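Data block below; observations after.
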Amino acid sequence: MMALFSLARRLQRIHSQILSPFFLQYPATVPSPFPSPLVQQLYLFSLAFHQTFFISSQTPVVTSNFSTLQSLSSQTLNYPFETTPQPNHDPGPQEPALLHLLKRVAHLSSETEAMASLDESGIKATLGLVCSVIWTLREEWRLAFLAFKWGEKWGSSGEKTYELMIWVLGNHRKFNTAWCLIRDLYRSSMDTRRAMFIMIDRSAAASDPCMAIQTFHTMEKFRMSPDEEAFSTLLKALCRYGNIEEAEEIMLVNKKLFPLDADGFNIILNGWCNVLVDVVEAKRVWREMSEYCIIPNATSYTYMISCFSKVGDLFNSLRLYDEMKKRGWDPGIEVYNSLVYVLARENCLNEAYNILKKMKKSGLPPDSATYNAMIRPLCESEKVEEARNILSIMKEENLSPTMETYHAFLHGVGFEGTLEILDCMKAGSVGPTGDTFLFILGKFLKVEQPEHGLKIWAEMKRFEVLPDSRHYVILVKGLATSGWLVKAREYYDEMRSCGFLDDPKIKKLLEEPKQHSGSMRQRGRIEIKRSKQLNERKGKKSGQKKKVNADKR
């Protein structure tokens, strides 16, 4: 361990960008005893339920979930609906017919006609069928809602069906409709607690922390006490989607109702360490724990070590690891995964292998996430051969490559290599998924290789991956910025025809070049080409002058 500390100190001196010592350079931030006006307003929010029905719905947020640090973020806390709520019910053989019928009747002039057509179809509504159809149509909320209403009419709906439908509506920001379902749940004397948790989570996911907080306060209207579980759910949801400052302020404002403890601070730490990866804020929260006499536990150390490893701070990663052991906390596998990641990232492979040996001796055998943590930074540094060696060791340990393993290798290969990896994923039954193609499209379009981007788009059909709004957005933007405006407009029209909403930024991007003679990028390329031609001509003229002068001599 002393050798590792010595190595870390050398790296710290070499790399000027590595952060300053952990506790010294940042003044402690003492929270004001008087909360901000916003939080005061939220804290004193009236519980009148009718106000919730005037919350305006907005267009869906298009975000990318694919992260190269996904495994190191896996030690996040659990959320009510963090795992996708896929129903466990057997849909039965009638699902394809019902899906086809729903898409057909959706074009009828009224819901009454649509429901009548469904009733006349002879398809028997069951709880499993309704849940499965809602799940299948989760990207088309209107059709999913029609299936829900049909199932409700025939008594094939329960709490799980309502919760799934509320989740779908929340994904599409149809919160007014979702609130109506919660009200129906309450009037039917069914449990609304989990449905409220889903609303908190979906509101936070829609970048509306105020609505998430309002939902928490509204729980009392449904004769549910906003207890510690509900408060913890609120904090986790806010942090999960990046509203960490709001979560921290709400936690401190409510410290009399919900006393501060290590678990609460760990939620905030998790946000700064694993969601936004802001080491400065994480260090500040760590100091505030001390100011409030909160002793960090094993989870606190795990999050901080994870944060330092992600920013490449080997010195502080090892220092906290050593401090953790001295305080009597046994490092878990997440800590060791963070250490091998930062060691591989800082080109200390031998030391990373030593960590693997230490894990085995301590009764914590490395898992797929451990080897992925070593493979990923090597692939990002285009050290594909070293990464393949680790993959071989991984297979010798009878550990199969995971989706993240293949995602890591996508960083270090070209177009042909990408196709090979996609085939390997298919053969190994680990994808590819929509997130896989989202990353690949971004990878090629970012370096202005639109031809490869379009070929990858065609590959999605071969692997039976349906594009969603995120794929269209990244493709259209990439084609437009690469100068392929005709193709960009074609795919934007296709995106609109599939029922996805307008994106004002993309629309403006596609319209701007019409008003000008050419994009700045195209002009730049022409100017570079002209300058090269001019330099060549100058070179030829210069050579001719030298030859003439030589002849004169």
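Please read these numbers as outputs of a predicted model, since none were measured by experiment.
Rounding to the nearest 0.5 Å places CG of Leu146 at 11.5 Å from CD of Glu140. The CG atom of Leu391 lies 11.5 Å from the CG atom of Leu378; values are rounded to the nearest 0.5 Å. To the nearest 0.5 Å, atoms NZ (Lys160) and CZ (Arg194) are separated by 5.0 Å. Between the CD1 atom in Ile474 and the NZ atom in Lys446 there is a gap of 10.0 Å [rounded to 0.5 Å]. Taking CD1 of Ile305 as the start and OG1 of Thr302 as the end, the distance is 6.5 Å to the nearest 0.5 Å. Note that CG of Leu343 is 9.0 Å distant from CG of Leu349, once rounded to the nearest 0.5 Å.
The two residues Cys273 and Met304 make their nearest non-hydrogen contact at SG-SD, 3.8 Å. Of all heavy-atom pairs between Ile182 and Thr192, the closest is O-CG2, 3.9 Å. The minimum heavy-atom distance between Leu479 and Ala488, with the atom names listed, is CB-CB, 3.8 Å. When every heavy atom of Met374 is checked against every heavy atom of Ala352, the shortest pair comes out as CE-CB, 3.7 Å. The two residues Leu238 and Ala212 make their nearest non-hydrogen contact at CD2-CB, 4.2 Å.
A donor-acceptor contact shorter than 3.5 Å is absent between the side chain of Arg496 and the backbone of Asp493. Distance alone, capped at 3.5 Å, is enough to place a donor-acceptor pair between the Thr161 side chain and the Gly158 backbone. Side chain of Thr233 to backbone of Phe197: no donor-acceptor contact under 3.5 angstrom is found. Side-chain atoms of Asp278 come within 3.5 Å of backbone atoms of Glu281 as a donor-acceptor pair (strictly under, hydrogens ignored). In this structure a side-chain-to-backbone donor-acceptor pair under 3.5 Å is present from Arg489 to Leu510. Checked by atom type and distance alone, the side chain of Glu159 pairs as donor or acceptor with a backbone atom of Asp191 at under 3.5 Å.
With contacts defined as side-chain heavy-atom distances shorter than 4.5 Å, the pair Val130/Thr126 does not qualify. Side-chain contact check for Phe145 versus Met165: some heavy-atom pair is nearer than 4.5 Å. Within the 4.5 Å cutoff, no side-chain heavy atoms of Phe444 are placed close to those of Glu451. Counting heavy atoms from C-beta on, the side chains of Arg376 and Glu404 come closer than 4.5 Å. Side-chain contact between Lys455 and Phe415 is present, with heavy atoms from C-beta onward closer than 4.5 Å.
A donor and an acceptor atom, one from each side chain of Ser482 and Glu448, are nowhere located under 3.5 Å apart. Looking only at atom types and distance, the side chain of Trp141 has no donor-acceptor partner in the side chain of Asn171 under 3.5 Å away. Using modelled atom types and a 3.5 Å distance limit, the side chains of Ser306 and Ser309 yield no donor-acceptor pair. For the 3.5 Å distance criterion, the side chains of Lys236 and Asn270 fail to qualify, holding no donor opposite an acceptor.
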Intermediate values then yes/no, side chain to side chain donor-acceptor pair (under 3.5 Å), Thr370 and Asp367: CA-CA 5 Å; Thr370 309; Asp367 58 11; 2.8 Å; yes

Given the rule in the side chain to side chain contact (heavy atoms under 4.5 Å, CB included) test, do Tyr241 and Ser207 qualify, once you have shown the distances and angles that lead to the verdict? CA-CA 7 Å; Tyr241 300 106; Ser207 301; over 6 Å; no

Side chain to side chain contact (heavy atoms under 4.5 Å, CB included) between Thr418 and His452, intermediate numbers included: CA-CA 10 Å; Thr418 298; His452 287 158; over 6 Å; no

Can you check side chain to side chain donor-acceptor pair (under 3.5 Å) on Lys310 and Asn274, steps first, answer last? CA-CA 9 Å; Lys310 288 174 182 176; Asn274 293 317; 2.8 Å; yes

Stepwise, does the side chain to side chain contact (heavy atoms under 4.5 Å, CB included) test hold for Ile268 with Cys239? CA-CA 7 Å; Ile268 308 301; Cys239 288; 3.9 Å; yes

For Asp208 and Ser203: C-alpha separation, side-chain torsions, deciding distance, then whether side chain to side chain donor-acceptor pair (under 3.5 Å) applies. CA-CA 5 Å; Asp208 196 339; Ser203 299; over 6 Å; no

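Atom CD of Glu459 has more than 12 heavy atoms from other residues, nucleotides or ligands within 6.0 Å. Within a 6.0 Å sphere centred on CD of Glu382, other residues, nucleotides and ligands contribute 12 heavy atoms or fewer. Crowding of Lys153 atom NZ: a count of heavy atoms from other residues, nucleotides or ligands under 6.0 Å exceeding 12.
Using cut-offs of 30° and 60° for the angle between ring planes, the Trp457 and Tyr491 rings count as perpendicular.
Ion pairing between Arg240 and Asp201 holds under the 4.0 Å rule for side-chain N and carboxylate O. Between Arg345 and Glu380 there is no salt bridge, since no side-chain N of the basic residue sits under 4.0 Å from a carboxylate O of the acidic one. A salt bridge links Glu397 with Lys360; the closest basic N to acidic carboxylate O contact falls under 4.0 Å.
When each of Val105, Leu98, Leu102 is paired with Trp150, the side chain to side chain contact (heavy atoms under 4.5 Å, CB included) condition holds for Leu98 and for no other.
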